[in-house]
Trainee: 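What follows is a structure written as structure tokens; I'll ask about it next.
Along the sequence shown, residues carry numbers from 1. Scope of the values below: all heavy atoms of this structure, side chains included, with no hydrogens, waters or symmetry mates. All values derive from a computational prediction rather than experimental measurement.
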Amino acid sequence: MLTATRAEKGTSAYGKDWPRKRESFLYMNPMCVLCGRASRVADHYPLSRKELVKRGVTDPNAHEHLRALCVSCHSRETAKHQPGGVITERRRQARSQREWQHWTAKTDEADDVPPF
């Protein structure tokens with residue numbers, strides 16, 4: 001299950017306006033805020049885009065929710081704050097779902113056994 005899907009070919013999973021907003025933000029913020037090299041990534045910070053959407057933020061891609069990073073700083077920050085990324089999150093969800101199903105199956109079996 002992906003959390004974001006592309007609306008149509010050539011658009012971003014973050015919406016049709018994301019490529020334009022990203023380019024605009026990077027044009028206004030050409031240097032990485034962590035190391036000073038040329039920025040290439042508009043990173044959602046301090047909250048991830050997913051968290052902003054959960055909180056009901058009207059425009060999670062607004063410039064006030066972004067910071068300019070170079071590719072290596074973005075990779076380092078992502079590894080630090082989102083270890084494993086989407087795949088790890090999916091595995092964690094699948095594991096908890098399996099545990100829940102295992103637990104509920106045991107409960108159902110216990111209900112079938114007469115108490116005497």
Trainee: CZ of R40: more than 12 outside heavy atoms within 6.0 angstrom?
Mentor: no
Trainee: Give a yes-or-no answer on whether the side chains of S39 and R67 include a donor-acceptor pair shorter than 3.5 Å.
Mentor: no
Trainee: For the hydrophobic clusters of this structure (ILVMFWY residues joined by side-chain heavy atoms under 4.5 Å, transitively), does one cluster hold both L69 and L26?
Mentor: no
Trainee: I need the S72 OG to R76 CZ distance, nearest 0.5 Å.
Mentor: 5.5 Å
Trainee: Between P60 and R49, is any pair of side-chain heavy atoms under 4.5 Å apart?
Mentor: yes
Trainee: Please report the shortest heavy-atom distance between A42 and F25, naming the atom on each side.
Mentor: CB-CD2, 3.8 Å
Trainee: Does L47 belong to the same Ile/Leu/Val/Met/Phe/Trp/Tyr cluster as V57, with side-chain heavy atoms less than 4.5 Å apart forming each link?
Mentor: yes
Trainee: Could you tell me if H44 and N61 have a donor-acceptor pair between their side chains, going purely by distance under 3.5 Å?
Mentor: yes
Trainee: Same hydrophobic cluster for Y14 and L52, using side-chain heavy-atom links shorter than 4.5 Å among ILVMFWY?
Mentor: no
Trainee: Mind checking whether L34 and E77 have side chains closer than 4.5 Å, heavy atoms only?
Mentor: yes
Trainee: Using salt bridge (Lys or Arg N to Asp or Glu O under 4.0 Å), reason through E23 and R20 one step at a time and then give a plain yes or no.
Mentor: CA-CA 5 Å; E23 289 302 318; R20 185 180 44 79; over 6 Å; no
Trainee: With a 4.5 Å limit on heavy-atom distance, are the side chains of E51 and S48 in contact?
Mentor: yes
Trainee: Please find the pair of heavy atoms, one from A38 and one from C70, that lie closest to each other, and give the distance.
Mentor: O-CB, 3.5 Å
Trainee: Taking all atoms of both residues into account, what is the closest heavy-atom pair of H65 and D59, and its distance?
Mentor: CD2-O, 3.4 Å
Trainee: Given side chains that start at C-beta, do those of V71 and V41 come closer than 4.5 Å, heavy atoms only?
Mentor: yes
